[in-house]
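Because only heavy atoms are used, hydrogens play no part in the values below, and waters and symmetry mates are left out as well, while side chains stay in. None of the values given here were measured: they were computed from a predicted structure.
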Amino acid sequence: MKLTMEYVQTPQQIAAIAALAEDIWLSHYQQMISVEQIHYMLEKFQSIPAMTEQIEAQGYEYYEMLLEGERIGYLSIKQEENRLFLSKFYIHQQYRGNGYASKAMAWLTRLCQERGLHAIWLTVNRHNRTAIAVYEQKGFRQLRTQVADIGGGFVMDDYIMELAVPAGL
């Protein structure tokens, strides 16, 4: 089955991503953070207004991951001087373990090469062992830890990880 990455541009796409985010986050993060923090973070970072603001005013790009036209995940990136910030990278639980993360990472690597970027970096919850293992398997290395106050009495307790991107052909 063919995986495609589609640039998110319309309010309908943003709304669909927000709904997918809620489904993914509620099923995945309850073992790591409280339900209250999940809802707070969804509203602050993954709601329709938050994503619209990120796209229109903060330089973020969102992409839907489509499998034969079915939305199975999404990612959000922000280009920086010489590297790419992978802000969000989520695949619905029922599609994990099928190589789609590898295909998305290959797409991101090509995108970096086309843009002349040398690395991809991200933050990942320090208790998200599954995601950390996937990132390490893809070649990411842990640079440091970071605890960020996100308001509402909540913090994000993360690793910062980075992947060197080879120069394009």
Side-chain angles (χ1 to χ4, degrees), residues 3 5-11 13-26 28-29 32-33 37-66 71-92 96 100-115 117-128 130-132 134-136 138-152 154-165:
L3 182 72
M5 307 299 285
E6 186 170 322
Y7 182 61
V8 173
Q9 304 177 70
T10 69
Q13 287 174 302
I14 293 170
I17 295 295
L20 183 60
E22 183 173 1
D23 188 30
I24 290 171
W25 276 57
L26 287 171
H28 184 73
Y29 283 103
M32 289 169 248
I33 58 178
Q37 183 169 348
I38 292 169
H39 286 291
Y40 178 83
M41 291 179 70
L42 284 168
E43 184 61 32
K44 186 171 179 75
F45 301 115
Q46 304 278 244
S47 65
I48 294 169
M51 287 189 285
T52 301
E53 168 72 13
Q54 291 164 22
I55 292 166
E56 293 178 355
Q58 298 176 21
Y60 286 86
E61 302 167 43
Y62 275 80
Y63 293 88
E64 298 176 296
M65 299 172 63
L66 301 173
R71 187 177 297 104
I72 66 162
Y74 66 101
L75 55 86
S76 174
I77 59 174
K78 184 176 183 181
Q79 185 170 324
E80 298 177 341
E81 190 172 322
N82 291 317
R83 56 190 196 153
L84 191 72
F85 174 45
L86 178 54
S87 174
K88 296 162 187 73
F89 185 20
Y90 299 105
I91 298 173
H92 197 282
R96 293 180 199 146
Y100 302 126
S102 294
K103 290 178 181 182
M105 286 305 303
W107 179 84
L108 282 169
T109 299
R110 286 190 304 276
L111 183 70
C112 285
Q113 291 169 334
E114 290 168 7
R115 295 181 181 189
L117 305 175
H118 306 293
I120 301 169
W121 76 278
L122 56 83
T123 60
V124 59
N125 183 295
R126 292 191 335 181
H127 303 288
N128 194 347
T130 304
I132 292 166
V134 169
Y135 292 133
E136 287 175 338
K138 305 291 179 227
F140 281 82
R141 61 186 177 88
Q142 293 178 18
L143 299 180
R144 63 186 175 279
T145 60
Q146 171 180 284
V147 177
D149 184 341
I150 58 170
F154 300 113
V155 297
M156 292 193 306
D157 185 11
D158 295 332
Y159 288 123
I160 295 176
M161 300 182 77
E162 186 174 75
L163 172 70
V165 175

### Message
Quick one: does any side-chain atom of Tyr40 pair with a main-chain N or O of Ile150 as donor and acceptor, under 3.5 Å?
### Response
yes
#### Entry: Stepwise side-chain contact (heavy atoms from CB on, under 4.5 Å) test for His28 and Asn128
CA-CA 9 Å; His28 184 73; Asn128 194 347; 3.3 Å; yes
### Message
Quick check for you: to the nearest 0.5 Å, what is the distance between Met41 atom CE and Ile33 atom CD1?
### Response
5.0 Å
### Query
Does some side-chain heavy atom of Val8 sit less than 4.5 Å from a side-chain heavy atom of Met51?
no
### Query
Given the rule in the side-chain contact (heavy atoms from CB on, under 4.5 Å) test, do Leu66 and Ile72 qualify, once you have shown the distances and angles that lead to the verdict?
CA-CA 6 Å; Leu66 301 173; Ile72 66 162; over 6 Å; no
### Query
Can you name the closest pair of heavy atoms from Tyr90 and Met65 and give their distance?
O-SD, 4.1 Å
### Query
Taking the side chain as C-beta and beyond, is there a heavy-atom pair between Ile55 and Ile14 under 4.5 Å?
yes
### Query
With a 4.5 Å heavy-atom cut-off, do Met156 and Asn125 have their side chains touching?
no
### Task
Rounded to the nearest 0.5 Å, what's the gap from CD on Glu114 to OG1 on Thr109? Could you check?
11.0 Å
### Task
Supply the atom-to-atom distance Met105 CE to Cys112 SG, rounded to the nearest 0.5 angstrom.
8.0 Å
### Task
Would you list the pairs meeting salt bridge (Lys or Arg N to Asp or Glu O under 4.0 Å) in which at least one residue belongs to residues 49-64, sequence neighbours left out?
Glu61-Arg115, Glu64-Arg71
### Spatial distance of atom OH (Tyr100) from atom CG (Leu3) [nearest 0.5 Å]
7.5 Å
### Message
As a test of understanding, state which of Gln46, Gln13, His92, Glu6 forms a side chain to side chain donor-acceptor pair (under 3.5 Å) with Tyr74.
### Response
Gln46
### Message
In the structure I gave you, are the side-chain heavy atoms of Asp158 and Val124 within less than 4.5 Å of one another anywhere?
### Response
no
#### Entry: CD1 on Ile120 to CG on Leu111, rounded to 0.5 Å
8.5 Å
### Task
May I have the step-by-step check of side-chain contact (heavy atoms from CB on, under 4.5 Å) for Tyr159 and Thr123, ending in yes or no?
CA-CA 6 Å; Tyr159 288 123; Thr123 60; over 6 Å; no
### Query
Can you name the closest pair of heavy atoms from Ile48 and Ala18 and give their distance?
CG1-CB, 3.9 Å
In residues 140-149, what donor-acceptor pairs under 3.5 Å come from side-chain atoms, sequence neighbours left out?
from	atom 1	to	atom 2	distance (Å)
Gln142	NE2	Glu136	OE2	3.2
Asp149	OD1	Gly151	N	2.8

Could you pull out all donor-acceptor pairs under 3.5 Å where a side-chain atom in residues 80-89 meets a protein atom, sequence neighbours excluded?
from	atom 1	to	atom 2	distance (Å)
Glu80	OE1	Arg83	NE	3.4
Glu80	OE1	Trp121	NE1	2.8
Arg83	NH1	Glu162	OE2	2.9
Lys88	NZ	Gln54	OE1	3.4
Lys88	NZ	Tyr62	OH	3.4

## Note on the structure
When every non-hydrogen atom of Arg96 is compared with those of Ile91, the smallest separation belongs to NE-O, 2.7 Å
### Task
Would you indicate whether the side-chain heavy atoms of Leu75 and Trp107 approach each other to under 4.5 Å?
yes
### Message
Is any side-chain heavy atom of Tyr63 closer than 4.5 Å to one of Ile77?
### Response
yes
### Task
To the nearest 0.5 angstrom, please state how far the CD atom of Gln37 sits from the NZ atom of Lys44.
11.5 Å
